[in-house]
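Reading through the structure tokens given below for one structure.
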Number of protein chains: 2
Amino acid sequence: MISVIILGAGNVAAHLFNAFDGTEQVHVKQWYNRSIKSIQSYKNKVVITDDLSQLEKADVYIIAVSDDAIANLSTKLPFENRLVVHTSGSVNVHDLDKKNRRGVFYPLQTFSKAATLNFENVPICLEVLDKADLKTLKSLAKTIGSSTHKVNTDQRRALHLAAVFVNNFTNQLYRVAHEITESKGVEFDILKPLILETAKKVQDISPYMAQTGPAKRNDKKTIKKHLQLLESAQHKAIYELLTASIQKTHGRKKL
Amino acid sequence: MISVIILGAGNVAAHLFNAFDGTEQVHVKQWYNRSIKSIQSYKNKVVITDDLSQLEKADVYIIAVSDDAIANLSTKLPFENRLVVHTSGSVNVHDLDKKNRRGVFYPLQTFSKAATLNFENVPICLEVLDKADLKTLKSLAKTIGSSTHKVNTDQRRALHLAAVFVNNFTNQLYRVAHEITESKGVEFDILKPLILETAKKVQDISPYMAQTGPAKRNDKKTIKKHLQLLESAQHKAIYELLTASIQKTHGRKKL
Ligand SMILES: NC(=O)c1ccc[n+]([C@@H]2O[C@H](COP(=O)([O-])OP(=O)(O)OC[C@H]3O[C@@H](n4cnc5c(N)ncnc54)[C@H](OP(=O)(O)O)[C@@H]3O)[C@@H](O)[C@H]2O)c1
Ligand SMILES: NC(=O)c1ccc[n+]([C@@H]2O[C@H](COP(=O)([O-])OP(=O)(O)OC[C@H]3O[C@@H](n4cnc5c(N)ncnc54)[C@H](OP(=O)(O)O)[C@@H]3O)[C@@H](O)[C@H]2O)c1
């Protein structure tokens, strides 16, 4: 049995609580948030608190608060030499107060409170300063079905950056597609199966192998037609830049 | 029973043949390709030919050849006043020879011969010049489980263009992510669940609602750090442009 105390009540904290709460191998001893309001509804399931001085002893303290608040919160913990981790993709592990044993428990997924998420689909990237703590974090991730990946700070940062490309930027391309279809009065819904299939394809083959389309074929006629169709200067710029990027990847000349 | 003759032997033709062959409501009377070699292996399942003069009578002729070859092939058909459709997202329906009744049967998906595909996940966009033909094409699509969408030429072009954004360009973002992770020696695999989740999210909520991340939050510190991390000038340009695009969509000031 691993005992855990969660600090913070945002998207990540809530998903972690529910996941840990659903397994017998983890005991969530307490759930802290600076404002008790957001965890009030959990008070029958777990001891809730907004008072750091009340924190008990646990195997792992998980700080899942906004990036900017992590360092400060870690200095306010009223104990030493225990295992304290944050869940951020970009914050330095050394930003945690050195009075405790430090680590990172970074779940590489997109969390929002509304959507349920199976932690089997949440790879967790681990970083520790004290090697012995790796075992604890691995076991903890395993209880909720997550795969674990030991990464160093550079690698975690690269993953966080890559996640912005495959999540935020990809989502923005969906948004641009939505604007394009809407402008002609066609349903965006027609694109949904293609969106899903595009994501599924790279589960098995590399993005390099999966590429198709006018940019890769260097089909100048279609590219020209598409650029003429685009009404927004920004959409045109995105089209040109990503076309050039595909052509660079696949050894075609620049537009 | 709808009788069909397929012309062409590429990705789309092969998938259509297999789908029609799997239903009792369609009879694929013949399969034509200019080079017989590529359809030789099907000769026990269907009458194959490389001779246009041998084409029999059928309810629908589906021309699934390269965009540039559609018009020419349609002029060479040795019959008149029958229903002839192409499968392209961008070719004009009027490019088909007007001696026949013309239409478009555009499957909005990404096809590659290796991957199997359930046509329930392939919306088919229909366009006809003679209204009476719509019914035939709708019934045909229904036999393989596809949804149908009546679109005009402008709308079909917009969908094709939007498809480039959600398929080719999205896939290129996956590729950039692959390059970023590879450069730090981390597995691209760790990103795969996030890729899938990102695509799943917009099946239920709009891309606008699904957006998160530093660009939307206008988190200047993280954006700056990310730009410093990116080694390729082209990757930096993509980061800046898509960040600006997100900020425009969500009413933030430009970088
Ligand atoms: N969301 C994701 O998809 C995701 C994915 C991977 C990693 N992460 C990381 O996980 C961590 C939490 O992210 P999140 O999305 O769960 O955040 P969130 O939903 O925005 O919630 C932020 C939490 O931080 C607390 N907080 C903010 N400022 C604070 C301060 N000065 N002192 C104490 N507590 C403070 C908030 O308390 P109140 O309730 O009182 O406001 C809230 O509980 C971040 O490090 C983030 O980078 C997020
Ligand atoms: N692939 C997709 O994801 C996709 C999706 C939606 C729509 N489409 C559309 O479907 C159509 C076919 O695409 P595809 O991907 O299946 O093509 P493909 O795999 O590249 O196959 C092209 C086919 O066209 C034939 N062809 C090429 N030039 C020809 C010519 N001059 N005369 C006669 N036949 C010729 C080829 O014959 P040989 O075998 O003899 O070379 C081959 O059978 C295109 O209009 C495309 O825009 C494709």
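Proteins come first, then strands; the chains are lettered A, B, ... in the order of their sequence lines, and each starts at number 1. Note that this is a predicted model, so its numbers are computed, not measured. Only heavy atoms go into these numbers, but all of them, side chains included; no hydrogens, no water, no symmetry mates.
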Top of Gly213(B), Ala162(B), Ser245(B) for chain A proximity - count of heavy-atom pairs under 4.5 angstrom:
Ser245(B)
At a 4.5 Å cut-off on heavy atoms, which part of His226(B) comes close to chain A: side chain, backbone, both, or neither?
both
Taking atom types as modelled, find out whether Thr198(A) and Asn171(B) have a side-chain donor-acceptor pair closer than 3.5 angstrom.
no
In terms of heavy-atom proximity below 4.5 Å to chain B, should Thr222(A) be classed as side chain, backbone, both, or neither?
side chain
Taking it one step at a time, do His86(A) and Tyr106(A) satisfy ring-ring contact (aromatic ring centres under 6.0 Å, His included)?
CA-CA 7 Å; His86(A) 71 67; Tyr106(A) 168 47; 8.7 Å; no
Pairs of heavy atoms under 4.5 Å with chain A: top-ranked of Leu159(B), Leu196(B), Asp189(B)
Leu196(B)
Who among Lys225(A), Glu197(A), Glu187(A), His235(A) has the most heavy-atom pairs with chain B under 4.5 Å?
Glu197(A)
Please classify the contact of Ile205(A) with chain B as side chain, backbone, both or neither, using a heavy-atom distance under 4.5 Å.
neither
Closest non-hydrogen atoms of Leu137(A) and Val104(A), given as atom of the first, atom of the second and distance, are CD1-O, 4.1 Å
Is it the side chain or the backbone of Val151(A) that comes within 4.5 Å of chain B heavy atoms, both, or neither?
side chain
Find out whether Thr110(A) and Asn11(A) are in side-chain contact, i.e. whether some heavy atom of one side chain is under 4.5 Å from a heavy atom of the other.
no
Part of Val164(B) within contact of chain A (heavy atom distance under 4.5 Å)
side chain
Would you call Asp68(A) and Lys221(B) a salt bridge, using N to O less than 4.0 angstrom?
yes
For chain B, find which of Leu191(A), Val122(A), Thr181(A), Val176(A) contributes the most heavy-atom pairs closer than 4.5 angstrom.
Leu191(A)
What residue, out of Asp67(A), Asn152(A), Leu230(A), Leu117(A), has the most heavy-atom pairs lying under 4.5 Å from chain B?
Leu230(A)
Going by atom types alone, do Thr153(B) and Glu127(B) pair a side-chain donor with an acceptor below 3.5 Å?
yes
As an exercise: rank Arg175(B), Arg156(B), Lys184(B), Gln172(B) by heavy-atom pairs under 4.5 Å with chain A and give me the winner.
Gln172(B)
Tell me, out of Cys125(B), Ser90(B), Pro207(B), who's got the most heavy-atom pairs with chain A below 4.5 Å.
Pro207(B)
Can you tell if the side chain of Phe111(B) reaches within under 4.5 Å of the side chain of Thr212(A), non-hydrogen atoms only?
no
Val202(A) versus chain B, heavy atoms under 4.5 Å apart: side chain, backbone, both or neither?
both
Looking at side-chain heavy atoms only, is the closest gap between Leu126(A) and Leu134(A) below 4.5 Å?
yes
Who wins among Ala210(B), Ser232(B), Ser183(B), Ser206(B) for the most heavy-atom pairs under 4.5 Å with chain A?
Ala210(B)
Is it the case that the ring center of Phe169(B) lies less than 6.0 angstrom away from the ring center of Tyr239(A)?
yes
Would you mind checking which part of Arg157(B) comes under 4.5 Å of any heavy atom in chain A, side chain (CB onward), backbone (N, CA, C, O), both or neither?
both
Please classify the contact between Val166(B) and chain A as side chain, backbone, both or neither, with a heavy-atom cut-off of under 4.5 Å.
both
Leading residue by heavy atom contact count with chain B [cutoff under 4.5 Å; candidates Ile190(A), Leu241(A), Val186(A)]
Ile190(A)
Does the side chain of Thr148(B) come within less than 4.5 Å of Lys142(B)'s, by heavy atoms?
no
For chain B, which candidate among Ile180(A), Asn168(A), Asn167(A) shows the most heavy-atom pairs at distances under 4.5 Å?
Asn168(A)
Glu179(A), part contacting chain B, at a heavy-atom distance under 4.5 Å:
side chain
Choice from Leu108(B), Asp154(B), Asn121(B) maximising heavy atom contacts with chain A below 4.5 Å:
Leu108(B)
Using every non-hydrogen atom in the two residues, find where Ile124(A) and Pro107(A) come nearest and quote the distance to one decimal.
CG1-CA, 4.1 Å
Any donor-acceptor N/O pair, Gln247(A) side chain to Lys216(A) backbone, under 3.5 Å:
no
